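We count ligands from 1, going down the list as the structure has it; atoms in each ligand are counted the same way. No experiment lies behind these values; they were computed from the predicted model shown. Just so you know, residue 1 is the first one in the sequence shown, and it goes up from there.
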Amino acid sequence: MTGFDALDLLAEIEGVGRDRRRGGYTRHVFDDAERELRDWFVERAQRLELEVTTDRNGNLWAWWGEPGPDAFVTGSHLDSVPGGGAHDGPLGVVSALAAVEQLKAAGFVPSRPLAVVVFAEEEGSRFGLACLGSRLLAGAVAPDRLQQLTDAAGQRFVDVARDASLDAPGYDAESLARIGVYVELHVEQGKGLIDLDAPVAVGSSILEHGRWRIDVHGQGNHAGTTDIADRRDPMLPAAAAVLAARRAAARRTGSRATIGRLEPVPGGTNVIASRVSAWMDVRADSEADTRDIVAEVQAAVAEAAAAEGCEASVIEESYSGEVRFDPQLRDRIATTLGGIPALPTGAGHDAGVLAAHVPTAMLFVRNPSGISHAPEEGADDDAVRAGVDALARTIEDLA
Ligand code: HGY
Ligand code: MN
Ligand code: MN
């Protein structure tokens with residue numbers, strides 16, 4: 001058995017999918033980089049004598065023992081946001097492999113089936129729906145929505161899935177029924193563990209969150225020959241959305257609203273755009289706050305569009321209610337690990353999707369920058385090793 005140290009495993013993939021233009025990593029589902037990571041994962045899992053299968057939704061399952069009911073499942077994702085960090089997703093996958101290797105080397109034999117899972121398209125960065133692999137598994141994607149999912153190049157998910165030899169993506173009752181408990185280790189995407197001066201925490205909850213697309217239509221024209229009075233520039237209502245999102249969230253404690261993606265068409269320096277799409281991410285402690293923020297932004301966009309002679313629409317693309325992880329499981333893991341702290345998160349995860357179906361928990365590992373979804377995301381070596389130990393001890397206790 002080769003000695004797997006999670007840091008060595010991270011080092012093996014640190015060059016895959018580097019994004020020279022944005023910095024950080026860009027690894028989108030079924031693109032070259034993510035496929036390279038999939039191949040790497042399969043090879044590493046097979047070296048641990050785990051049996052790897054791919055389910056109908058592109059999720060990878062590396063089984064220790066027969067796939068079976070009531071399995072202990074751990075893992076995360078390998079895809080990234082554009083220009084993302086090295087740890088968001090991969091840390092949970094490499095830590096699971098390292099924990100399995102550590103347990104095998106110590107002669108541990110699980111009393112129940114155990115799987116390391118890699119969920120597909122957790123970030124939703126290619127097809128626009130976050131946690132696509134786990135949502136499909138859980139039957140949380142309507143068939144007509146599935147057919148509509150396309151990437152920026154107009155490729156449909158269903159076609160890309162077929163080309164990846166996935167048959168008929170969709171609800172996978174059989175795979176879901178095999179999961180007895182799911183524990184996901186993830187780099188902390190905040191400063192909670194820095195403030196607590198602790199390497200590892202157990203997750204308590206995930207904020208309500210949703211995504212909306214704002215489309216504004218105006219009149220394309222020449223930047224140099226079109227008088228201001230004659231313009232119908234869709235960038236103005238889009239700009240109003242950006243400012244209104246910040247204003248509305250800033251007035252509600254704990255709320256967050258972000259427009260980080262804006263696509264004018266045609267996008268020329270000397271061209272007044274004919275239309276603009278903006279994507280808004282809103283998160284808050286309650287559905288009421290989330291929806292109030294969206295309503296405020298919607299009103300600001302409508303006012304700006306009317307003033308500019310543009311048409312605007314705000315379409316909800318996804319919504320996830322607050323997730324409270326299983327309190328018994330949370331407390332049992334915290335006790336097993338000597339009383340580690342519990343932390344909420346504003347970040348969505350596949351664990352948030354599965355929490356509606358099976359007892360689910362998360363382990364967070366300290367990130368010395370507290371930054372995520374950016375190249376500065378990190379996880380210090382001691383915390384990474386503490387995370388692997390924490391996961392190994394959790395597996396010993398629960399599997
Ligand atoms: O967007 C999120 O919260 C997660 O990183 N997918
Ligand atoms: Mn992420
Ligand atoms: Mn993640």
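- Relative to the six-membered ring of Tyr319, Arg291 meets both conditions, a distance below 6.0 Å and an angle of at most 45° to the axis.
- Under the 3.5 Å distance criterion, the side-chain polar atoms of Arg56 are left unmatched by any main-chain donor or acceptor of Pro169.
- The residues Arg211 and Glu316 are annotated as not salt-bridged, no charged nitrogen and carboxylate oxygen being separated by less than 4.0 angstrom.
- Listed for the Glu311 side chain is no donor-acceptor partner under 3.5 Å among the backbone atoms of Val216.
- At a cut-off of 3.5 Å, with distance as the only test, no side-chain donor of Asp230 or Gln219 sits close to an acceptor on the other residue.
- Of all N, O or S atoms in Glu123, the one lying closest to the Mn ion (ligand 2) is OE2.
- Counting just the N/O/S atoms of His186, the one with the shortest distance to the Mn ion (ligand 3) is named NE2.
- In summary, the atoms of ligand 1 found under 4.0 Å from a heavy atom of Glu123, numbered by their order in the structure, are 4 (C), 5 (O), 6 (N).
- Residue contacts with ligand 1, taken as heavy atom pairs separated by less than 4.0 Å, do not involve Ala130 at all.
- Annotation: atom 5 (O) of ligand 1 to nearest protein heavy atom, His373 NE2, 3.0 Å.
- Scanning all protein heavy atoms for the shortest distance to atom 4 (C) of ligand 1 gives Gly348 O, 3.2 Å.
- Among Arg283, Arg211, His209, Gln189, the residue whose heavy atom sits closest to atom 3 (O) of ligand 1 is Arg283.
- Taking the Mn ion (ligand 3) as reference, the nearest N/O/S atom within Asp88 carries the name OD1.
- Within ligand 1, the atoms closer than 4.0 Å to a non-hydrogen atom of Ala347 are 3 (O), numbered from 1 in the order shown.
- In this structure, the ring of Phe325 has its center no less than 6.0 angstrom from the ring center of Tyr182.
- Atom CG of Asp197 sits in a sparse spot, with 12 or fewer heavy atoms from other residues, nucleotides or ligands closer than 6.0 Å.
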